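Model, not experiment: these values are computed from the prediction. All chains are named by letter (A, B, ...) in the order of the sequence lines, taking the proteins before the strands, and each is independently numbered beginning at 1.
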Number of protein chains: 2
Amino acid sequence: MESCRPAEADEGLPRKKVVTVARNAASPRDRYRAQVRTEIKEHAWQQIAGAGASALSLNAIAKQMGMTGPALYRYFGSRDELITELVTDAYRSLADTFRAAAADGADLAGLAHALRGWALADPQRYFLIYGTPVPGYHAPDDVTAIAAEIMETLLDAAVAVPARPAGAAGAGEGAEKGAHERSYEKSFEAHLAEHRSWDGGHRATPADLRRALAFWSRLHGVVSLELAGHFTGMGFDAAQFFAAELDGLLDR
Amino acid sequence: MESCRPAEADEGLPRKKVVTVARNAASPRDRYRAQVRTEIKEHAWQQIAGAGASALSLNAIAKQMGMTGPALYRYFGSRDELITELVTDAYRSLADTFRAAAADGADLAGLAHALRGWALADPQRYFLIYGTPVPGYHAPDDVTAIAAEIMETLLDAAVAVPARPAGAAGAGEGAEKGAHERSYEKSFEAHLAEHRSWDGGHRATPADLRRALAFWSRLHGVVSLELAGHFTGMGFDAAQFFAAELDGLLDR
DNA sequence: TTCTTGAGTTAGAGGTTCTAACTGGAAGGT
DNA sequence: ACCTTCCAGTTAGAACCTCTAACTCAAGAA
C-alpha cells in the first residue's frame, strides 16, 4: 500500500474476452485461474499473519508456489492491488461474522464477543482494517459499502436493546427519574440528530446512534490495545477488562 | 521495523574511545555528529508524516541531505534502529506533554485534551506508538520505562479526582446510595487488586486503576478511529464525540 | 488440424537495505 | 610542526524488492 493508486481491483490483465459463448460460466481456464488466485491470497494471509502486511512479498509468495515472481502479475496488477483485495476480504469477513452472529439472535453483547473473537483469531487481519492508515490511501467504494453494512448490523442491535435495561442493575429505589441526567449524552445526540446523513436512513434514534458509536470506539480501544500488546507488561487479564468495558457499555 | 532485532539503540559504530580526556563533554566532532543525527531524524519525521513509517527510506533521507545512502550507517546501525529511536522519541514526547499538562494543574480532562492535541498534531507519530504492531518486535526497556511514566501521570490524575464528583451532574435527589451499584466495576477492580504488580507500587486504589485503564482505552478508541479516518464518511464532528466520551468517563 | 489465447518464463530497469574497502581531511599526541 | 590515528563520506557490489517487456509453449477454441 505504498504507492496508493486507486487500485481498480478488477484482477490482472485479461479483459477483452468477456463474452465468448455468452453463458458457460466456468471454463476450465477460468476455474484454474480462480484457484490460483485464492491460493495466492492464502499464502499472502499466511505471510501477513507472520510478519505483518508491510512485509508481504510477491516474490516470496511466488517462490512458495513454485513459480517465478512476475507470474503473479497475471493475477494481480500490483502488490497494492493484492493488499487492497485482502483488505476488502477482511471487511467482508468481519461483516459476515457480524451478520451471522445477528442471525443467531446475538444482542450487542453477542456482537461484542463476536468482534473480539474475530480479532483474536487473526490480529493482523484486524489491523489491516483498523491499524495504521497509509496517508494518501483512499479506500475503494467497495469497502465503504461493507463498512456501512457493518454499521447497519450494529445499529440494528442498538435499537433492539431498550434504551435503559428496565430498572437497570441497581434496581428499585429511585431508579428512573432523571437518573443521573447525563446532559452530555443529550448534547452529542442533538449533534448527531443534525448530522446523520451517513446512516442510510436507519430507524435508529439519535440515542441509538450515539450508543452504536460508543460501542464501536470503546471496544476498538480495548481490542486494539490488547492485540498490539500494550497490556502485556501489566499482569491483568485483558478478557476481564474487555468484559468490564462491555458491561459498562450495556448498563445504561 | 521489518526484521525485528532488539536494535541495541546505541547509535552507529564508534565505541572504543569513550574516555579520552575524561571530562570535556562536547568535542567539535561530537557536536557535529549530534547535529547530523538530529537532522537525519528531522527528515525521517518529515517522511513519516508524509507517507507513514513503512515508506521511510534511508536512501531518500541521504539524498535530501546531499549525501549518499551508506553515509547514514555512520549514525544509525540500520533502518530498524532509526525507527526504534523515533518510536522512543515519540513516547518521550507524549510523556513530556503529559507531564507538562499535569504540572500546569491539568486534571483527567486536561490530560485527555493534551492527548488528543498531541495526536492530531502528528497522526503518524501517534500511530508509531499505538498503530499496527510488528509481530516479532519487542520494545526495548527504554520505551517500557517511558510507558510506565505515562501510566504514572495518568494514575496521579486518577487519584486526584474524587471517585464520584460529589453529587454528580444530576445532583440532589436520591444521589449517592448504591447509585446504580455497578457490580461489574467492582468485579474487575477485584481482579485488578490481585494483579497490580505493574503499577510500581502506586498509591492508586483498584478503582483508580480501573478508571485509568478505561480512560486510556476509551480515548485511544476515539482518537485512533478519528485519526485513521474511520469517521470521515459520517458527517458528525469527531471533537464532539470525543467530548461526549470524555464526559461519560468523568461522570462517575 | 490450425489458430489463438494466455500462463509462465527469462532479462532487465530501477528501487531498496546494508557490507566492504577505500579516500581524505580533521583532531589529537608528541 | 609533524605524525598518527580516527572517522565522515565515498564508491562498488551483493541480495533483496516491484514491475515491464519480450518470448515460449501448451492448452482450448475454431
Side-chain N or O of [X] less than 4.0 angstrom from OP1 or OP2 on [N]?
X       : N      : value
A/Asn59 : D/dT18 : yes
A/Arg33 : C/dA7  : yes
A/Ser27 : D/dG28 : no
B/Tyr32 : D/dC7  : no

From B/Met65 atom CE to B/His43 atom NE2, the distance as rounded to the nearest 0.5 Å: 6.0 Å
Taking the nucleotide of DNA chain D with the closest heavy atom to each, which residue, B/Leu72 or A/Lys63, is nearer the 5' end? B/Leu72
Look only at the side chain of B/Arg218 and the backbone of A/Leu219, and say whether a donor-acceptor pair between them is shorter than 3.5 Å. no
Under 4.0 Å between a Lys/Arg side-chain N and an Asp/Glu carboxylate O for A/Glu85 and A/Arg92? no
Check every atom of [options] against the side chain of [X] and return the nucleotide holding the closest atom.
X       : options               : answer
B/Tyr73 : D/dC19, C/dG8, C/dT19 : C/dT19
A/Arg74 : C/dG6, C/dT17, D/dT18 : C/dG6
B/Pro70 : D/dT20, D/dG9, D/dT11 : D/dT11
B/Ser78 : C/dA7, C/dC18, D/dA21 : C/dC18

I need the [atom1]-[atom2] distance between [X] and [N], as an integer number of Å.
X       : N      : atom1 : atom2 : answer
B/Arg79 : D/dC17 : CZ    : C1'   : 12 Å
A/Arg31 : D/dG28 : CZ    : C1'   : 13 Å
A/Asp30 : C/dT5  : CG    : P     : 15 Å
B/Phe76 : C/dT19 : CZ    : P     : 15 Å
A/Leu82 : D/dC17 : CG    : P     : 15 Å
A/Leu58 : D/dC19 : CG    : C1'   : 9 Å
A/Gln35 : C/dA7  : CD    : C1'   : 14 Å
A/Leu56 : D/dC16 : CG    : C1'   : 15 Å

What about the rings of B/Trp198 and A/Phe231, do their centers lie closer together than 6.0 Å? no
Exactly one of B/Arg196, B/His202, B/His195 should register a side-chain hydrogen bond (donor to acceptor under 3.5 Å, both in side chains) with B/Asp199. Which one does? B/Arg196
Answer with yes or no whether A/Arg29 presents, from its side chain, a donor or acceptor under 3.5 Å of a partner atom in the base of C/dT5. yes
At 4.0 Å (heavy atoms only), tell me whether A/Thr68 reaches a base, stays on the sugar-phosphate, or touches nothing. base
